[in-house]
Enquirer: 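Before anything else, here's the structure in question.
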Amino acid sequence: MPRSTWTAGRRGALLGASAAVLCATLTACGDTGDGYVAVGPPRPSTTAVRPTGSVTLVPLDTPTPPEGSKSPSGGATSAPAPAPSPPTGAKSGRSSAPSPSPTPTAVPTTAPATPAALTWGDPARRATDHRWCEDVTLTFRNSGGTAVRSGTVAFGTHIIGALGIDWATIGSTEQLPVPIAAHAREDHTWTVCVDAWRVPLGMHIETRDVSVEWH
């Protein structure tokens with residue numbers, strides 16, 4: 001008669017518990033068909049699965065190359081980005097030329113008037129109905145900046161004989177035709193006479209000398 005073998009104590013209880021856990025594991029994982037217990041995650045199947053519906057190909061996003069780098073096709077490089085503008089209030093390295101200062105307006109000044117400057121020409125003579133008188137014309141020019149206000153003209157009249165001899169010179173004085181304006185010309189004629197007895201028949205007079213005083 002065969003005998004059953006019992007292991008008493010704690011060791012028997014531990015073996016019994018281990019056997020129960022193993023049986024539970026085999027029941028949960030299932031039999032692999034080869035008589036082995038599966039330990040760890042299952043290995044993926046190497047057989048490819050074909051899609052059963054339509055397939056749409058979507059291209060992946062291509063990263064944009066940085067500016068200034070060459071394109072893969074060997075094309076020209078892109079232009080470099082413009083330099084950033086300096087911040088407001090920053091001084092530029094190039095100094096600007098200073099603007100010209102305005103030219104002051106010249107104040108017109110009035111030059112002081114120059115004094116009168118009177119000149120005259122040679123006397124122009126013309127005979128009259130009396131041999132002891134003649135008409136004498138003088139031309140005056142005032143080149144100064146002030147008018148001639150007063151003055152006198154002194155004539156020297158020569159008494160000429162029948163043979164051309166200058167017997168005497170008689171002086172006379174006349175008033176200037178004033179005023180003579182600045183930068184003006186003035187013509188004036190006087191009738192100059194001497195005493196009739198000084199010019200006998202056959203003699204005549206010639207007024208050759210002229211002097212002028214003016215103020």
Side-chain angles (χ1 to χ4, degrees), residues 76-215:
T77 59
S78 60
S85 59
T88 305
K91 292 185 178 180
S92 174
R94 181 180 300 175
S95 60
S96 59
S99 58
S101 58
T103 303
T105 304
V107 178
T109 57
T110 304
T114 57
L118 190 64
T119 58
W120 55 92
D122 294 334
R125 300 181 296 106
R126 188 180 63 179
T128 64
D129 296 339
H130 305 284
R131 61 180 183 272
W132 56 86
C133 294
E134 65 179 355
D135 292 335
V136 180
T137 302
L138 289 177
T139 299
F140 299 95
R141 290 181 176 87
N142 181 10
S143 59
T146 305
V148 177
R149 303 296 181 182
S150 61
T152 57
V153 181
F155 295 107
T157 301
H158 296 258
I159 298 174
I160 308 300
L163 299 178
I165 298 174
D166 188 351
W167 291 93
T169 300
I170 308 300
S172 60
T173 302
E174 299 290 344
Q175 296 295 319
L176 272 175
V178 292
I180 303 175
H183 308 289
R185 168 180 169 169
E186 183 75 23
D187 294 335
H188 193 75
T189 300
W190 295 269
T191 299
V192 180
C193 299
V194 298
D195 296 331
W197 61 267
R198 294 181 180 275
V199 188
L201 187 61
M203 299 177 69
H204 66 279
I205 62 174
E206 295 180 4
T207 303
R208 301 172 184 174
D209 305 327
V210 176
S211 62
V212 180
E213 292 182 2
W214 44 270
H215 305 283

Enquirer: Let's go through L176 and E213 carefully: what are the C-alpha distance in whole Å and the side-chain angles of both, what is the deciding distance for side-chain contact (heavy atoms from CB on, under 4.5 Å) to 0.1 Å, and is it a yes or a no?
Expert: CA-CA 9 Å; L176 272 175; E213 292 182 2; over 6 Å; no
Enquirer: Where is the tightest heavy-atom contact between H158 and D209, given as atom of each residue plus distance?
Expert: NE2-OD2, 3.0 Å
Enquirer: Looking at R126, is its backbone amide N or carbonyl O close enough to the side chain of D135 to form a donor-acceptor pair, meaning the two atoms are under 3.5 Å apart?
Expert: no
Enquirer: Is I205 close to V192 at the side-chain level, that is, under 4.5 Å between some pair of heavy atoms?
Expert: no
Enquirer: Atom OG1 in T207, atom CD in E134: separation rounded to 0.5 Å?
Expert: 3.5 Å
Enquirer: Measure the spacing between CD of E174 and OG1 of T191 and express it to the nearest 0.5 Å.
Expert: 8.5 Å
Enquirer: I180 versus W214: any side-chain heavy-atom pair under 4.5 Å?
Expert: no
Enquirer: Within the structure provided, determine whether V153 and F140 are in side-chain contact (heavy-atom separation under 4.5 Å).
Expert: yes
Enquirer: Any non-hydrogen side-chain atom of E206 less than 4.5 Å from a side-chain atom of T157?
Expert: no
Enquirer: The test is side-chain contact (heavy atoms from CB on, under 4.5 Å); show your working for L118 and R141 and say whether it passes.
Expert: CA-CA 6 Å; L118 190 64; R141 290 181 176 87; 5.9 Å; no
Enquirer: If you compare all heavy atoms of V210 against all heavy atoms of P123, which two are closest, and at what distance to 0.1 Å?
Expert: CG2-CG, 3.8 Å
Enquirer: Could I get the full list of salt bridge (charged side-chain N to carboxylate O under 4.0 Å, His left out) partners for E186, not counting sequence neighbours?
Expert: none
Enquirer: Could you pull out all residues at least two apart from W190 that satisfy ring pair (Phe, Tyr, Trp, His ring centres under 6.0 Å)?
Expert: F155, H188
Enquirer: Distance-only, no hydrogens or angles: does the T114 side chain make a donor-acceptor pair with backbone N or O of G144 under 3.5 Å?
Expert: no
Enquirer: Looking at A116 and V148, what are the two nearest heavy atoms and their distance?
Expert: CB-CG2, 3.8 Å
Enquirer: With sequence neighbours left out, what residues match H215 under ring pair (Phe, Tyr, Trp, His ring centres under 6.0 Å)?
Expert: none
Enquirer: What closest approach, in Å, do T139 and R185 show between heavy atoms, and which atom pair accounts for it?
Expert: CG2-NE, 3.4 Å
Enquirer: Which atom pair, heavy atoms only, marks the closest approach of A147 to A181?
Expert: CB-CA, 3.8 Å
Enquirer: Taking all heavy atoms of V178 and all of R149, pick out the closest pair and write down the distance.
Expert: CG2-O, 3.2 Å
Enquirer: Among V136, D122, T169, D166, find the residue that satisfies the side chain to side chain contact (heavy atoms under 4.5 Å, CB included) test when tested with R208.
Expert: D166
